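Note sheet for the following structure.
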Number of protein chains: 2
Amino acid sequence: MQDDQLDKIFKALSDSTRRRIIDRLSKQPAQSLFEVCAASVAEDGIALSRQTVSQHLAVLEKANLVEIIWKGRTKTHSLNITEGHIEAATWLMKYKQNGEEE
Amino acid sequence: MQDDQLDKIFKALSDSTRRRIIDRLSKQPAQSLFEVCAASVAEDGIALSRQTVSQHLAVLEKANLVEIIWKGRTKTHSLNITEGHIEAATWLMKYKQNGEEE
DNA sequence: TTGACATGCCGTACTTTTACTGCATAAAGG
DNA sequence: CCTTTATGCAGTAAAAGTACGGCATGTCAA
């Protein structure tokens, strides 16, 4: 696993807005930009501009966490968690000191 | 798991310099600030100022990833990965789509 | 063709992060 | 006492991250 890839994945996960988007996309895939915006207001009461959400989705896209499929003029976003992501996310586990009670 | 805590942990892990420090501390615990600096130069050939390393260690400390023990006038840093950290690191796993070959 | 819709790119403002220099403080040793 | 050693704090500067408005482009449908 390359440093660059780990950077992208951890950075993508280090923002609560993006984690909320991930959670939202997991419940309903293939959402457009506007659907994500609308859901943010409807479910969390957080009104974010189109550009802001677009930027967050771009970060997730660069980390390959969302898959893009164009349907006509609509760009749909779906969650795409791969083995590579799981490997990256569990990077810390190899440093867990085992032993101790608990 | 609170958003604030997840933020701190993922942010702490999203920098390759900090990941290198974690790796270093896992091999040799109870290192002082200067030892981490020296090891950075010796093992990776990266010369970082004392203050820069200090700041990185502070980020790891705020995420509770390192434990501080004072020995005389020396502040020693050791890795301290808890169940909470593991839980945070595996945050992404609950979104993994199972199924598919592989 | 025209209008409405969805996205993309450019620029701005504010905040945070990263890396650094310099100075101050406190403890141990000669 | 004075020097060395280890840390802490303040301040600076460049870069990146976050959030936004405006304008342009492309597409679907009436």
Side-chain angles (χ1 to χ4, degrees), chain A residues 3-22 24-25 28-41 44-63 65-78, chain B residues 3-22 24-25 28-41 44-63 65-78:
Chain A
D3 264 4
D4 189 55
Q5 201 61 23
L6 286 172
D7 274 23
K8 281 182 190 162
I9 295 169
F10 282 129
K11 270 191 212 294
L13 297 179
S14 71
D15 184 284
S16 66
T17 302
R18 279 193 290 270
R19 288 199 303 274
R20 252 191 298 275
I21 291 175
I22 289 176
R24 210 178 311 297
L25 288 179
Q28 170 131 17
Q31 289 191 67
S32 73
L33 176 52
F34 278 104
E35 285 175 306
V36 177
C37 284
S40 175
V41 180
D44 300 322
I46 301 170
L48 291 168
S49 77
R50 179 180 67 83
Q51 292 81 353
T52 300
V53 175
S54 174
Q55 205 161 324
H56 281 303
L57 287 171
V59 172
L60 294 173
E61 193 181 334
K62 275 175 199 153
L65 285 162
V66 299
E67 189 186 17
I68 307 298
I69 294 176
W70 282 88
K71 300 228 167 120
R73 57 179 163 171
T74 303
K75 184 184 191 180
T76 70
H77 306 77
S78 300
Chain B
D3 264 4
D4 189 55
Q5 202 61 22
L6 285 171
D7 274 23
K8 280 183 191 161
I9 295 168
F10 283 130
K11 268 191 213 295
L13 297 178
S14 71
D15 185 285
S16 65
T17 301
R18 280 193 289 271
R19 288 198 303 274
R20 251 190 299 272
I21 291 175
I22 289 176
R24 212 178 308 297
L25 288 179
Q28 169 131 16
Q31 289 191 67
S32 73
L33 175 54
F34 277 104
E35 285 175 304
V36 177
C37 283
S40 174
V41 180
D44 301 322
I46 300 170
L48 292 168
S49 76
R50 178 180 68 82
Q51 291 80 356
T52 299
V53 175
S54 175
Q55 205 162 324
H56 281 302
L57 287 171
V59 173
L60 294 173
E61 193 181 336
K62 274 176 199 151
L65 285 162
V66 299
E67 188 186 18
I68 306 297
I69 294 175
W70 282 88
K71 300 227 166 118
R73 60 176 164 170
T74 302
K75 185 183 189 180
T76 70
H77 306 77
S78 300

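Fair warning: this is a prediction, and the values are worked out from it, not measured in the lab.
Residues G72(A) and S14(A) both approach DNA chain D. Their nearest nucleotides, taken by heavy-atom distance, put S14(A) toward the 5′ side. Comparing K11(A) and H77(A) by the nucleotide of DNA chain C whose heavy atom lies nearest to each, the residue mapping closer to the 5' end is H77(A). Place K71(A) and S54(B) on DNA chain D by their nearest nucleotides, and S54(B) ends up nearer the 5' end.
In this structure, L48(B) places its CG atom 8 Å from C1' of dA19(C), rounding to the nearest Å. Regarding D15(B), its CG atom lies at a distance of 9 Å from the C1' atom of dT17(C), rounded to whole Å. At whole-Å resolution of the value, NZ in K8(A) and P in dA16(D) are 14 Å apart. Remark: C1' of dT18(D) and CZ of R20(A) are 14 Å apart, rounded to the nearest angstrom. Taking atom CD on E35(B) and atom P on dT7(D), their separation rounds to 9 Å, with Å as the unit. As a whole-Å value, the separation of Q31(A) CD from dA6(C) C1' is 15 Å. What separates CZ of F10(A) from C1' of dT17(C) is a distance of 18 Å, to the nearest Å. Atom-to-atom, CH2 of W70(A) to C1' of dG26(D) comes out at 9 Å; the value is rounded to the nearest Å.
Shortest non-hydrogen contact noted between R19(A) and D3(B) is NH2-O, 3.1 Å. The heavy-atom pair separating A12(B) from L60(B) by the smallest distance is CB-CD2, 4.1 Å.
Put simply, K75(A) has a side-chain N or O that comes within less than 4.0 Å of OP1 or OP2 on dG8(C). In this model, the phosphate group of dT17(C) is not approached by any side-chain N or O of H56(B) to a distance below 4.0 Å at OP1 or OP2. Between T52(B) and the phosphate of dC20(C), there is a side-chain N or O to OP1/OP2 separation shorter than 4.0 Å.
At a threshold of 4.5 Å between non-hydrogen side-chain atoms, the residues H77(B) and I68(B) count as touching.
For R73(B), the side-chain atoms get nearest to dT5(D) when compared with the rest of dA19(D), dT5(D), dA6(D).
Of the possible donor and acceptor atoms, none in the side chain of S78(A) sits under 3.5 Å from a partner among the backbone N and O of E67(A). Side-chain atoms of R18(B) do not come within 3.5 Å of backbone N or O of L13(B) as any donor-acceptor pair.
Within 3.5 Å, a donor on the side chain of R50(A) pairs with an acceptor on the base of dG8(C), or the reverse. With hydrogens and angles ignored, a donor-acceptor pair closer than 3.5 Å exists between the side chain of Q51(A) and the base of dG22(D).
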